[in-house]
J.: 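One structure coming up, written as structure tokens, with questions to follow.
Throughout, a chain's letter reflects where its sequence line sits, starting with A, and its residues are numbered from 1.
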Protein chains: 2
Amino acid sequence: MDTSKNISEALKRAGYKLTAPRKAIVQVLEKGGDHLSSSEVLTLGRQIYPLLSRATVYRTLELLTTLGLIRPILLRDAAQRYVTGEGGHHHLLCRECGAVFEFERCGAEQLAAELAERFDFQIRGHLLEFYGICRNCQTDD
Amino acid sequence: MDTSKNISEALKRAGYKLTAPRKAIVQVLEKGGDHLSSSEVLTLGRQIYPLLSRATVYRTLELLTTLGLIRPILLRDAAQRYVTGEGGHHHLLCRECGAVFEFERCGAEQLAAELAERFDFQIRGHLLEFYGICRNCQTDD
DNA sequence: ATGTAATTGAGACAAATTCTCATTTCGGCT
DNA sequence: AGCCGAAATGAGAATTTGTCTCAATTACAT
């Protein structure tokens, strides 16, 4: 699990080429805030590197995910969305209005250790999301 | 959080009509095992109710999700997949080969209670997934 | 500078999801 | 038992998302 936000460094360290398209995508992910979808990454990435192709975005997002540098999350969309950093924050999602709340500490470390042992699995990160009804929507209907 | 598996009952209780298409979909979800995608639900559902339309499957899955009766999970697919029951099991996903391991107890109850209070949020369920490298893939490459 | 394997772009292709709207159906109410 | 209105549905078009192929380009070790 990489604690620094420097995705480029990690990519290089893992033996991958640091190409212009990848730099653009990484820049978008690091600066562009969280919860970006593939097509948002494409649009924003083209502002930096206009030739950027859809396929490259998908390929790069998959690569970064496999390396554990970003992780997918489940929002309301059809589209897959990503956040940077494995240790990062987690979400509460309102199923009524789609609002997203964030929290930091999740205390899954101990469980992670148990599971790693039990399944002989090298855990690199995790996703924790809570679903329910937010304050506003509780008063509606 | 509904502990019984009786989704139909819960639907009715929430004031929704219990139509033939919905019954078919619910039957598929309850008997058909977990990790079903929309198109699998469609195919299986048509064995019960041949007229079943794709749109209805999507609409119903969304409704059941909003009600907290099923929940989406993140596997490797492009397609969204669902599991029944909020309290259900959770996953370890191998980022190398896509293998899925399941575990039951996750101990998120206390955190859930804290967050519910802090955000004034009515929590109905949650998703917890761990990512990493499975036993087999650790020895490869 | 050069060679080579990795990476890319473009666009066809495929799959997943959403939308529209005319028609049907559930279930409360006589 | 039949009626009514709102809710739900089917069909298929439209849109969005994701995958694939292959010739051309590029990073980077030497």
J.: Going through the checks in order, is the side chain to side chain contact (heavy atoms under 4.5 Å, CB included) test met by B/Tyr82 and B/Ser37?
T.: CA-CA 6 Å; B/Tyr82 296 85; B/Ser37 68; over 6 Å; no
J.: Could you check whether any side-chain N or O of A/Arg95 sits under 3.5 Å from a backbone N or O of B/Thr65, counting only pairs where one atom can act as donor and the other as acceptor?
T.: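 Judged by distance alone, yes, a pair lies under 3.5 Å.
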J.: Would A/Ile133 and B/Arg124 count as a side chain to side chain contact (heavy atoms under 4.5 Å, CB included) if you check the C-alpha gap in whole Å, the side-chain angles of each, and the deciding distance to 0.1 Å?
T.: CA-CA 8 Å; A/Ile133 308 297; B/Arg124 287 192 179 163; 3.7 Å; yes
J.: What do you reckon, is CD of B/Glu40 surrounded by more than 12 foreign heavy atoms closer than 6.0 Å?
T.: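 Count over threshold, so yes.
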J.: Pick from B/Thr66, B/Ile123, B/Leu127: which one makes a side-chain contact (heavy atoms from CB on, under 4.5 Å) with A/Tyr131?
T.: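 Among B/Thr66, B/Ile123, B/Leu127, the one meeting side-chain contact (heavy atoms from CB on, under 4.5 Å) with A/Tyr131 is B/Leu127.
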J.: Distance under 4.0 Å to a non-hydrogen atom of chain B counts as contact; along DNA chain D, which nucleotides mark the start and end?
T.: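 Going 5' to 3' along DNA chain D, contacts run D/dA6 to D/dG18.
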J.: Is the shortest side-chain heavy-atom distance between A/Ile7 and A/Leu67 below 4.5 Å?
T.: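 Side-chain contact under 4.5 Å: no.
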J.: Working note: A/Ile25 + A/Leu44, criterion side chain to side chain contact (heavy atoms under 4.5 Å, CB included); need CA distance, chi angles, decisive distance, verdict.
T.: CA-CA 8 Å; A/Ile25 292 169; A/Leu44 294 171; over 6 Å; no
J.: Classify the ring geometry between A/His90 and A/His126 as parallel (under 30°), tilted (30 to 60°) or perpendicular (over 60°).
T.: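 Rings of A/His90 and A/His126: parallel, as their planes differ by under 30°.
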J.: May I ask you to check whether over 12 heavy atoms, not counting those of B/Gln122, lie within 6.0 Å of atom CD?
T.: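 Above 12, so yes.
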J.: Flag the pair A/Leu93 / A/Phe130 as yes when at least one side-chain heavy-atom distance between them is below 4.5 Å, and no otherwise.
T.: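 Not in contact.
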J.: Could you tell me whether A/Ser37 contacts a base, only the sugar-phosphate backbone, or nothing, with contacts defined as non-hydrogen atoms closer than 4.0 Å?
T.: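 Touches nothing.
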J.: Extract, from 5' to 3' on DNA chain C, the first and final nucleotides lying under 4.0 angstrom from some heavy atom of chain B.
T.: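 Listed 5' to 3', the contact boundaries are C/dA16 to C/dG27.
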J.: Within a strict 4.5 Å, meaning less than it, do heavy atoms of the B/Val26 and B/Leu18 side chains meet?
T.: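 Not in contact.
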J.: Please round to 10 degrees the angle between the axis of the first five pairs and the axis of the last five pairs in the helix from C/dA1-D/dT30 to C/dT30-D/dA1.
T.: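 Taking five pairs per end, the axes differ by 40°.
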J.: Is a donor from one side chain sitting under 3.5 angstrom from an acceptor on the other, for B/Glu102 and B/His35?
T.: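 Yes, B/His35 and B/Glu102 have a side-chain donor paired with an acceptor closer than 3.5 Å.
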J.: Take atom CZ of B/Phe103 as the centre, draw a 6.0 Å sphere, and report whether it contains more than 12 heavy atoms from other residues, nucleotides or ligands.
T.: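 Counting other residues, nucleotides and ligands, CZ of B/Phe103 exceeds 12 neighbours.
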J.: Taking DNA chain C as the partner, which of residues 44-60 of chain B come within under 4.0 angstrom of it by heavy atom?
T.: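 Close to the strand are B/Arg54, B/Ala55, B/Tyr58, B/Arg59.
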J.: Apply the test side chain to side chain contact (heavy atoms under 4.5 Å, CB included) to residues B/Asn136 and B/Cys97: give CA-CA distance (whole Å), side-chain angles for both, the deciding distance (0.1 Å), then the verdict.
T.: CA-CA 9 Å; B/Asn136 288 337; B/Cys97 68; 6.0 Å; no
J.: Of all of residues 14-22 of chain B, which get a heavy atom below 4.0 angstrom from DNA chain C, listed by number?
T.: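 Contacts with DNA chain C under 4.0 Å: B/Lys17, B/Leu18, B/Thr19.
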J.: Hey, can you pull the donor-acceptor pairs under 3.5 Å for the side chains in residues 47-60 of chain A, sequence neighbours left out?
T.:
| unit_1 | atom_1 | unit_2 | atom_2 | d |
| --- | --- | --- | --- | --- |
| A/Ser53 | OG | A/Ala55 | N | 3.2 |
| A/Ser53 | OG | A/Thr56 | N | 3.4 |
| A/Thr60 | OG1 | A/Thr56 | O | 2.8 |

